[in-house]
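If you read the sequence from its start, that first residue is 1, and numbering goes on from there.
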Amino acid sequence: MKAHDGIYIDGAWRPAAGTDTIAVVNPADEQVIGHVPAGTAEDVDAAVRAARAALPGWAATPPAGRGALIGALRDVLAARQDEIAGTVTAELGSPPPFAQKVQAGLPVLVAGSYAELAATYAFEEKVGNSTVHHEPVGVVGAITPWNYPLHQIVAKVAPALAAGCTIVLKPAEDTPLTAQLFAEAVDEAGIPAGVFNLVTGLGPVAGQALAEHEGVDLVSFTGSTAVGRQIAATAGAAIKKVALELGGKSANVILPGADLERAVHVGVANVMSNSGQTCSAWTRMLVHASQYERAVGLAAEAAAKYGDRIGPLVSAKQRERVRGYIEKGVAEGARLVAGGVESPYERGYFVSPTVFADVTPGMTIAQEEIFGPVLSVMRYEDEDDAVRIANGTVYGLAGAVWAGEEAEAVAFARRLDTGQVDINGGRFNPLAPFGGYKQSGVGRELGTHGLGEYLQTKSLQF
């Protein structure tokens with residue numbers, strides 16, 4: 001798509017207040033493919049004012065009417081799925097099959113789920129002699145990341161719309177074209193002016209202005225824990241509600257008796273998906289000592305097959321970050337069994353699929369989120385040891401457990417301090433709550449739990 005040279009406020013594209021722009025780079029070939037406005041605090045203020053003006057009318061729209069418009073938005077996204085996939089491939093580097101199925105396909109499913117929930121959710125309920133009303137929290141400031149650019153937008157905007165909130169979106173500066181395409185879809189779907197507004201810009205400028213703005217009632221942020229901490233502090237000063245989906249260092253625990261080969265191959269695929277740029281990726285593979293060397297060999301073989309199947313990292317900065325972690329893993333004594341810092345291509349921000357063995361819990365690569373195609377295979381002695389290692393980070397976003405018997409896997413999963421666990425390869429469920437324990441965040445996205453984040457509760461007694 002051709003980049004817009006303006007921002008989307010109150011149902012129209014308009015010039016930004018300043019003249020600075022952000023270059024959009026294709027990470028596969030390092031070529032500039034467009035420019036978007038670098039929005040300012042003045043632009044954010046205009047967007048928030050438009051959202052506040054539209055709030056009473058949108059909140060008063062019957063839920064079924066809101067659902068119908070979200071359904072129309074879903075239909076537009078479905079009709080433009082090829083264009084969306086191509087845009088994500090161009091600015092993020094997602095391989096076309098993954099971009100089509102996940103980057104463009106998943107948001108259609110999520111939008112559809114909220115079209116239905118808006119019409120069926122119990123916004124009013126009886127509790128004894130009280131009637132409890134669930135009302136929109138107000139104006140939402142949504143700040144989204146670059147790794148799943150459309151999914152993360154829809155996962156915030158769709159439930160906010162269903163709840164009756166209005167929105168100002170500040171997308172990641174690395175993938176703003178997908179956000180612009182979404183704004184086009186909102187316009188085409190007929191969602192009223194001011195209900196959704198888009199300001200492209202840099203995080204320290206536009207993002208900070210949005211988090212600080214007194215007209216914003218809730219800040220929903222997905223990104224790094226460090227930035228999430230800053231946003232929480234800013235919002236806390238104003239006693240403003242926040243929803244934070246942050247980092248992860250998820251464990252893939254393979255218990256004795258599990259199908260080792262399948263567990264390892266699925267685990268490697270999980271880490272390599274989206275070039276490792278997934279907050280919920282199972283970047284620590286925990287294997288019993290009796291099966292450890294076999295698992296290491298399988299992981300190295302599986303990773304080698306991804307050499308020409310994964311895309312680049314999003315930017316040169318991200319590539320250097322991941323390379324730095326690989327170098328630190330070697331320096332701290334981990335055994336490199338696949339990949340390394342060398343790029344497989346002359347151009348583009350690529351990193352080879354990498355597997356480390358002999359990783360111990362105290363190593364940096366076992367504790368910090370790398371956000372690249374890097375897997376750490378770790379040894380445990382018994383189930384208590386596995387639980388200790390799995391829970392031994394500041395994160396708790398996702399994970400997996402494999403066992404010969406489902407009941408055994410479930411019993412182990414109940415001991416994990418994490419928000420979502422896949423049992424023996426369970427499929428991702430876009431209706432299930434997604435979010436983390438500890439420093440992986442506050443609140444949940446998707447399904448009814450995601451809708452609840454955008455509601456506040458009022459009780460009337462009779």
Return yes if some donor-acceptor pair links the side-chain N/O of His133 with the main-chain N/O of Glu135 below 3.5 Å, else return no. no

Any donor-acceptor pair under 3.5 Å linking the side-chain atoms of Lys438 with those of Thr418? no

Phe196 and Phe182 aromatic ring geometry - parallel, tilted or perpendicular at 30°/60° bounds: perpendicular

Assess the pair Tyr380 and Tyr292: is the distance between their ring centroids shorter than 6.0 Å? no

Is there a side-chain contact between Leu313 and Val351 in this structure, where contact means two heavy atoms from C-beta onward sitting under 4.5 Å apart? yes

Which pairs with one or both residues in residues 308-319 pass salt bridge (Lys or Arg N to Asp or Glu O under 4.0 Å), sequence neighbours excluded? none

Will you find, in the side chains of Thr200 and Gln180, an N or O donor that is under 3.5 Å from an N or O acceptor? no

SB check Asp43 Lys170 (cutoff 4.0 Å): no

So, do Leu55 and Arg52 sit near enough that their side-chain heavy atoms are less than 4.5 Å apart? yes

Are the side chains of Arg379 and Val287 in contact, using a 4.5 Å heavy-atom criterion? no

Ignoring hydrogens and angles, tell me if any N or O in the side chain of Asn197 forms a donor-acceptor pair with the backbone of Leu169 under 3.5 Å. no

Distance-only donor-acceptor check, side chains Tyr349 and Ser343, under 3.5 Å: no

Do Val88 and Thr175 make a side-chain contact, defined as non-hydrogen atoms from C-beta onward lying under 4.5 Å apart? no

Closer than 4.0 angstrom, basic N to acidic O: yes or no for Asp382 and Arg388? no

Does the pair Glu453/Lys156 count as a salt bridge with the N-to-O cut at 4.0 Å? no

Taking atom types as modelled, is there a side-chain donor on Gln456 or Asp217 under 3.5 Å from an acceptor on the other? no

Check whether Glu405 reaches the backbone of Ala258 with its side chain - one donor and one acceptor, N or O, closer than 3.5 Å. no

Quick one: does Gln420's side chain get under 4.5 Å of Leu397's, heavy atoms only? no

Contacts of type ring-ring contact (aromatic ring centres under 6.0 Å, His included), residue Phe123, not counting sequence neighbours: Tyr121

Does the side chain of Glu124 reach to within under 4.5 Å of the side chain of Val132, using non-hydrogen atoms? no

If we ignore hydrogens and angles and just use 3.5 Å, is the side chain of Gln81 paired with the main-chain N or O of Gln100 as donor and acceptor? yes

Between Thr178 and Glu91, does any side-chain donor sit less than 3.5 Å from a side-chain acceptor? yes

Side chains of Tyr148 and Thr278: do they bring a donor and an acceptor to under 3.5 Å? yes

Looking at Phe371, is its backbone amide N or carbonyl O close enough to the side chain of Gln318 to form a donor-acceptor pair, meaning the two atoms are under 3.5 Å apart? yes

Does Ala281 offer a backbone N or O that forms a donor-acceptor pair with the side chain of Asn270 under 3.5 Å? no

Given 3.5 Å as the limit, does a donor-acceptor pair link the side chain of Asn26 with the main chain of Ala28, or not? yes

4.5 Å side-chain heavy-atom contact, Leu246 and Gln439: no

Looking at side-chain heavy atoms only, is the closest gap between Pro95 and Thr89 below 4.5 Å? no

Does a side chain donor of either His288 or Glu381 reach within less than 3.5 Å of an acceptor in the other side chain? no

